[in-house]
Every structure is written in structure tokens, then in C-alpha cells.
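Okay, so here's the structure we're looking at.
Keep in mind that this is a model prediction, so the values were computed, not measured. When a ligand or atom number is given, it counts from 1 through the structure's own listing order. Numbering starts at 1 and runs along the sequence shown.
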Amino acid sequence: MTPHGQSHLRGPGRSSTTGTSRTDADQRDRTAGGNFGEADWRLREKVAAQLIRARDRSVALTDAVDDDDLTRQHSTLMSPLVWDLAHIGNQEELWLVRDVGGREPVRHDIDDLYDAFQHPRGDRPRLPLLSPAEARGYVREVRDKVLDVLDRAPLEGRRLVADGFAFGMIVQHEQQHDETMLATHQLRRGAPVLHAPPPPAAVRPPAAAEVLVPAGPFRMGTDIDPWALDNERPSHDVHVDAFVIDTAPVTNAGYAEFIAAGGYDDPRWWSEVGWAHRVKADLTMPRFWLRDGDRWLRDRFGVVEPLPPDEPVVHVCFHEARAYAAWTGKRLPTEPEWEKAARFDPETGRARRFPWGDEDPGPEHANLGQRHLSPAPVGAYPAGASPLGVHQLIGDVWEWLDSDFHGYPGFQAFPYREYSEVFFCGDYKMLRGGSFGTDPVASRATFRNWDHPIRRQIFAGFRCARDARPEEAT
Ligand code: AVJ
Ligand code: FE
């Protein structure tokens, strides 16, 4: 335990700082740790701030409920929250304490318990897990060591540490589990414990309902985003035919029309497997919707409220998304189409990092980072629109795509096969764009997510697309 580490984690005013407020103790470590250049220190400051932000969120999500709630299984689809918490610490220990830091294990005896591949989520409550108090102590002890490693370890010489990658990977891992924990909160029964201001109102709806994305090559993926994960690499040219994409995700009101039109009772709109699933699982509406006479309500983190008509629909599975799209005479976009809609700049032909440009997401661009506990209405983020006028590609809801999970040509697993490679060619569909529960650090227009096509507990919705008609494509 280093007092210095404690100052990062718990010192006054340290949350979410960008580094301008480093204390005297930090300055001492700066000389003690090694002779790093100015850019190197800026990177370390950025890493520290991101580690702190992620931990603040994990603590808030786990402190919001009592020990019984932390250890209970809220759904067989999810781990108990206390498993996620200790798993976050264990991954951090494996990569940053042991590998990058070359230090002794903090707890060598629990690796197996927190290895996601050893125990399916449904079995985790019956494991001899760390108690909430033990898990909190464990993640704190790991973090103290990591902040010390961050002050001393070289950030060059090994690909794992170049540009702080291993730290960025662990920050993203924690934020991904925070989104998973947020989904567990949505499944939890009982009085609401999470609170946040409502999302912003619509200010300017998209100018048109759909736009043409012209045919032509597009460079998909990235080689240069330093914290991009292995499945986003390498960049490669794809040819994308002209297509037309909706400028907004499908809304609750739009989805309710599909239900009212008997969409759940008409196998014409569903794929064969989709229909079989619809029957077997008795799907009749999105998860967390409730019928109240002739109006719709929803249960959102324990608050039952009228369904907001203009928010993107959320908690539908791939099969429901696909059926809705077929009912409208359209289809879901493919993954290259989605990425081209999100990144292609028709002026320069270049691919941007984000629809709005290369800057990191700000609160004006997208509904990310659990600032709100729901998607925002269509038209709430005109500043985040793409050059072609496509809105809300980033944030609000993950968008189901009609693509399976494969590695890009030239894919190399890095630094471990179990992040992506072992899922290639499985029963997964791609999701893009991030949700209101996705942190900006884990949200890029190249970021790839995937899940089973029947899953509905994630914050997933969709938008529609179609082939361009010949007269449109010219
Ligand atoms: C990329 C969201 C599918 O949650 O299963 C967390 C992220 N990988 N720990 C998941 C992940 C390892 C992953 N997804
Ligand atoms: Fe994990």
C-alpha cells in the first residue's frame, strides 16, 4: 500500500481531474519515479484521470445497494455485482500489477474464480466469492499498486505499454463492466437507487428521415487510435455500395406502431430462427415495457413511467430489430455500412474518428457515460451528427447490425485471444455506437461490440437502412 496511491484514489478533489492539481507528493514521485519527458507525463496524467473516473463509477454502482443486493443474482444472464467488482480488480492485477509492473501477485488464489471462461454467469453466485468488504479491499489494494506502477514503469519498449495501451485496455475493461453492472441494475427489483438528470430535449430533429451514403471505397478500422482494441485493427479498404440509412434510431413510437400493426404475430417479418425464438420466448414487446390499457409504460431502473415516444427504442433483441426493419420494407445496416455512415467525410474522402470529427466526445455530441439513465429523444444532439446528417450514431443505444463477428483481414489477437478472437464465428451479431451507459473512453466509431442475437438486457436498439435505388445511386 502506498500513501501516494491513496492520494490518487481518495484524495480531496482528485476525481476526474486532468492532472492540473497534482499535489506535492506527486511532484516528489515524479522525480523518484524516473526521468520521463513532458509528453510522457501528460500521458500518465491522462491514464491516472481515466483510472480514477472508472473507479468512481464502479464504486457508485456498487455502493448504491446493500450487501445482499451485491451478492444476489438479479438474473441468470448476469453475474452478482460483487463478482464484476472483484473481476475488475483481478484483470487489473493480472495485466498491470503482474505483467506491466512485474510485481508479486496481490491474491494468487482467486484468479480462477474471476476467470470469465471458467464459470458461466449463472453459476457465479454459488462460487466462494470474496465478500463485498473483501472485494472492496482487494480492488483498492490492486489500485494502490497500479498507481505506483504508473509512476514508475516505462511506457515504451514493449507494445503492451506503448502509448499506455495496457492501462487504456484496463480502463476500458472496467468501464465495460460498469455498463454490464448498469444492466444488472436495470434487472434488479426494488426501490430505485440510481439517480441522474433527465436527458436533454430535442433541439433540432434531423433534416430528413434518411440519407444516401454514396458508393465507393471506405477505409474501415484503425491502425493509429492508440487505445483501439485488437478487433478494431488493422484498417483495411472495403467497398460499400450506395445505400440509404435512417438519420435516427427507431423510436419507441415507431416501434409501438409495429406492435399495433400485429408485427409480433406475422412470421413474414421474421427470419426463421427469429420467428422460432419469438414463439419460444413468447416475445410480444420490448423488455421492460408494460401495457396500461391503451398506453405504454416502461420500467427504467425501478421507475415506472409513461413511455417517451421520441426516445430510441431500447431492450430489443436482434430478431425484433430485424423484424421491424422488414416490416418497414427496409433492413438493418451491415457493419461496414454503419461505420461508413459514422466516419465517412464526403469532402475529403477520409474516415473520421467520430461522426462530428476527430475530437473526443463532449456532452454536446452524444449521450454517453451514464450522465442520464435513458436514451435521449431524437434531435437532442445535432452537434454530434455526421457530415451526411446522420444523428445519434454514438451514444443513446447500441445499434444491432446485420453482420456476424469476424476478425478483419490481417487480424492479430492482442494482447489476449479471449478478448475477441475466441468469439469469432460464434452465434453473435454486431452492435455499434455505444449507449447512454457506455463511457466515452470505450466509445469510438471503430469500437466493435457483439452479443447473442436473442439478448435484450443490454442497452440495444437499432436504425434501418436499405439498398439505394438505381436512380438514387447516381
Ligand atoms: C465486448 C462487451 C462483449 O462484456 O462480454 C468484458 C467486454 N470482455 N470483459 C463483454 C468484456 C471481457 C465484452 N463485450
Ligand atoms: Fe471482463
shortest atom 6 (C) of ligand 1-to-protein heavy-atom contact is with H177 NE2, 3.3 Å
Which of H173, R55, H87, K145 passes side-chain hydrogen bond (donor to acceptor under 3.5 Å, both in side chains) with E92? Answer is R55
Check: Distance-only, no hydrogens or angles: does the N252 side chain make a donor-acceptor pair with backbone N or O of P308 under 3.5 Å?
Finding: yes
Within the 4.0 Å heavy-atom cut-off, what H173 brings close to ligand 1 is side chain
Practice problem: Determine, counting only non-hydrogen atoms of the protein, whether one lies under 4.0 angstrom from atom 2 (C) of ligand 1. | Solution: yes
Counting heavy atoms under 4.0 Å, the part of N449 that contacts ligand 1 is side chain
The angle formed at the Fe ion (ligand 2) by NE2 of H173 and NE2 of H87 is about (to 10 degrees) 90°
Short check: is a protein heavy atom less than 4.0 Å from atom 13 (C) of ligand 1?
no
re atom 5 (O) of ligand 1, the protein heavy-atom contact at minimum distance is R121 NH2, 4.6 Å
Looking only at protein heavy atoms, what sits closest to atom 7 (C) of ligand 1 is Q176 OE1, 3.5 Å
Note: ligand 1 atoms sitting under 4.0 Å from heavy atoms of Y419 are 1 (C), 8 (N)
Handout entry: Any N or O of W450 closer than 3.5 Å to N or O of ligand 1
Key = no
Regarding D148 and R143, does a basic nitrogen lie under 4.0 Å from an acidic carboxylate oxygen? no
Is the shortest side-chain N to carboxylate O distance from E311 to R298 below 4.0 Å? yes
Notebook entry, point to check: Given R353 and D225, is the salt bridge (charged side-chain N to carboxylate O under 4.0 Å, His left out) satisfied, shown in steps?
Noted result: CA-CA 9 Å; R353 275 182 80 216; D225 218 310; 3.0 Å; yes
Exercise. Does the distance from a Lys or Arg side-chain N to an Asp or Glu carboxylate O, for D69 and R188, drop under 4.0 Å?
Worked result: yes
Problem - Salt-bridge contact K429-D404 (side-chain N to carboxylate O under 4.0 Å) - result: yes
